[in-house]
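Structure, as structure tokens:
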Amino acid sequence: MDRTVFTALLILGSIVLVNRWQIVIKTLQRSWPLAFFLLYCLVSIAWSDFPDIAFKRFIRELGNWVMILVLWTDPQPLAALTTLMARTSYLLIPLSVLFVKYYTIGRDYGFWVGETMYIGVTEDKNTLGMICVLFGVTSLWRLLNLVAKDGHNTHNRGRHLTVQCTILALVVFLLVKADSVTSISCAVLLTFVLVSLRCRMFARRRFLVHLLVLVIIAIPLLALFIAPSPDAFQAVGRTATLTDRTVIWAWVIKLVPNEWLGAGYSSFWLGERLNIMISNVTHTWVPNQAHNGYLEVFINLGWVGVGLLGLLILWGYFTIIAAWRQKRPASDLMLAYFLYGLISNISEASFFRNLVPAWLFFLIAITMPTVKRGQSYLPVIPCKPNRSAAAVFERTAFDTI
């Protein structure tokens, strides 16, 4: 069923892109580091021990890229992004609260002692934390825009403020229930980023944004690797091994077949290597990631892949910073998405992993098109519309929240 649904979506998305082929070509040319990385992933299937499985996973990865191209090649790309985020957050966040609070479908239970884990509409608590952070950051960004001067011209401003505050309250509730330290930490850091970028100090001294990004990235690195504190880990309910992550990291490095080329695209967690990991590390459960995105790229694509990932990150960062300096709409939100991708991959692997929200939003951020301010909004509706115009407003107001 999954294969059928994904294939149908891929075909439908491709049909849309064929009709926009001129914009698609320009987008691909502008996103050449990502295209080059995907080409290397395709070539790496040649030295995979399981090329058929790797190729299927690569096709699914292309599906991610197709959907993002559909978003950014829209005639009004930022309005399309706002519509997408509104409709998905209004569905997934309240539904997760419903599942967590009233139905057992939103809960999972530990293997050994049966402890309750809240997962909402997702398959695990970490994914629930991801969507909470991403949708919560988007609602906060929208709320800050409404509070700012530009927000006074918004039709039904009070209603919009109520909606965003409600979403944020539900997100906080779910983050507390999920108890995902990575997600809670990222939520705090990204909130600080969005609020800080609104200060005049950053607009006047633009070099400070680089310092801000450096500090935000350095905080989790310092806490986890440079100066780790066992007492701090215990205070947040984690062990000194980061819930056995350090043990997994040590073993996967030993099992890399080729340091320069890796095991091949999405091929490490297959065959004999997986059996060794189960028998020596996990024992009772089947691992499918290294719990570190950078290490995951290394074991699958080698140092060549890590180098290409570094190029992609640098290109994406300077693209977003250039957009922010030019005061393009949503550039601060894209920087938040970008930073979340970098930080979350320290303890979870999401780079080039199919259907992982952190990776999807990271791609959205680094491939953001050059959008003028006028392109980001839907047509203005008169204050006293006639009957037909009122119907148009009712149809579009939900999209613009």
Side-chain angles (χ1 to χ4, degrees), residues 30-34 36-37 68 72 78 81 130 133-134 136-138 140-145 148 150 182-228 292-295 297 305-348 350-351 358-373 376:
R30 183 175 54 83
S31 306
W32 63 268
L34 178 58
F36 190 67
F37 202 142
I68 293 173
W72 284 141
L78 292 185
L81 175 66
M130 282 186 189
V133 172
L134 293 167
V137 166
T138 306
L140 176 63
W141 170 78
R142 179 58 178 163
L143 184 63
L144 292 174
N145 287 340
D150 292 341
T182 299
S183 298
I184 295 175
S185 303
C186 288
V188 173
L189 293 174
L190 297 183
T191 299
F192 179 74
V193 169
L194 285 180
V195 174
S196 298
L197 291 178
R198 305 275 169 156
C199 299
R200 295 181 180 179
M201 176 177 61
F202 287 89
R204 295 175 180 176
R205 299 176 179 85
R206 295 183 175 180
F207 74 91
L208 289 178
V209 69
H210 299 298
L211 181 61
L212 175 65
V213 170
L214 182 62
V215 170
I216 293 300
I217 297 176
I219 289 175
L221 290 177
L222 183 66
L224 293 178
F225 301 111
I226 300 176
N292 182 287
Y294 308 95
L295 182 58
V297 171
V306 173
L308 291 176
L309 176 63
L311 173 64
L312 181 65
I313 291 174
L314 289 176
W315 169 80
Y317 174 69
F318 287 111
T319 299
I320 296 171
I321 292 299
W324 179 79
R325 288 180 173 176
Q326 296 170 14
K327 298 182 178 180
R328 296 178 189 169
S331 56
D332 53 345
L333 179 62
M334 296 300 108
L335 182 59
Y337 290 165
F338 174 82
L339 288 175
Y340 181 69
L342 295 186
I343 298 172
S344 63
N345 271 282
I346 296 176
S347 59
E348 299 293 336
S350 64
F351 287 134
W359 170 238
L360 292 174
F361 281 77
F362 180 83
L363 284 179
I364 289 174
I366 65 175
T367 57
M368 178 185 181
T370 302
V371 181
K372 298 179 181 179
R373 184 168 295 273
S376 63

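If you look at F362 and Y337, their ring centroids are not closer than 6.0 Å.
Between the N345 side chain and the F351 main chain, a donor and an acceptor come within less than 3.5 Å of each other. Checking side-chain atoms of Y340 against main-chain N and O of S183 turns up no donor-acceptor pair under 3.5 Å. Side-chain atoms of R30 come within 3.5 Å of backbone N or O of T367 as a donor-acceptor pair.
A pairwise comparison of heavy atoms in S331 and M368 identifies N-CE, 4.2 Å as the closest pair. Smallest separation of non-hydrogen atoms from L339 and L190: CB-CD2, 3.9 Å. Across all their heavy atoms, T319 and I366 have their closest contact at CG2-O, 4.3 Å.
Looking at heavy atoms from C-beta onward, Y294 lies in side-chain contact with I313 at the 4.5 angstrom threshold. In this structure, T182 and M130 have side chains that are not in contact, with every pair of non-hydrogen atoms separated by 4.5 Å or more. For the pair S344 and V133, the minimum side-chain heavy-atom distance is 4.5 Å or more. Here the side chains of R198 and D332 are in contact, with some heavy-atom distance below 4.5 Å. Considering only heavy atoms from C-beta on, R205 stays 4.5 Å or farther from L211 through its side chain. At a threshold of 4.5 Å between non-hydrogen side-chain atoms, the residues I321 and H210 count as touching. In this structure, the side chains of I216 and L212 come closer than 4.5 Å at one or more pairs of heavy atoms.
The only option from L134, I346, I343 that meets the side chain to side chain contact (heavy atoms under 4.5 Å, CB included) definition with C186 turns out to be I343.
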ask   = What do the steps show when you test F338 against I364 for side-chain contact (heavy atoms from CB on, under 4.5 Å), and what is the final call?
value = CA-CA 9 Å; F338 174 82; I364 289 174; over 6 Å; no
request  = Please assess L335 against V213 for the test side-chain contact (heavy atoms from CB on, under 4.5 Å), listing each intermediate value before the final yes or no.
outcome  = CA-CA 9 Å; L335 182 59; V213 170; 4.3 Å; yes
task = Decide yes or no on side-chain contact (heavy atoms from CB on, under 4.5 Å) for I219 and V215, but give the supporting numbers first.
result = CA-CA 6 Å; I219 289 175; V215 170; 4.1 Å; yes
request  = Go through W324 and V209 one step at a time and tell me if the side-chain contact (heavy atoms from CB on, under 4.5 Å) criterion holds.
outcome  = CA-CA 10 Å; W324 179 79; V209 69; 4.0 Å; yes
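Atom CG of L314 and atom CG of L309 lie 9.5 Å apart (nearest 0.5 Å).
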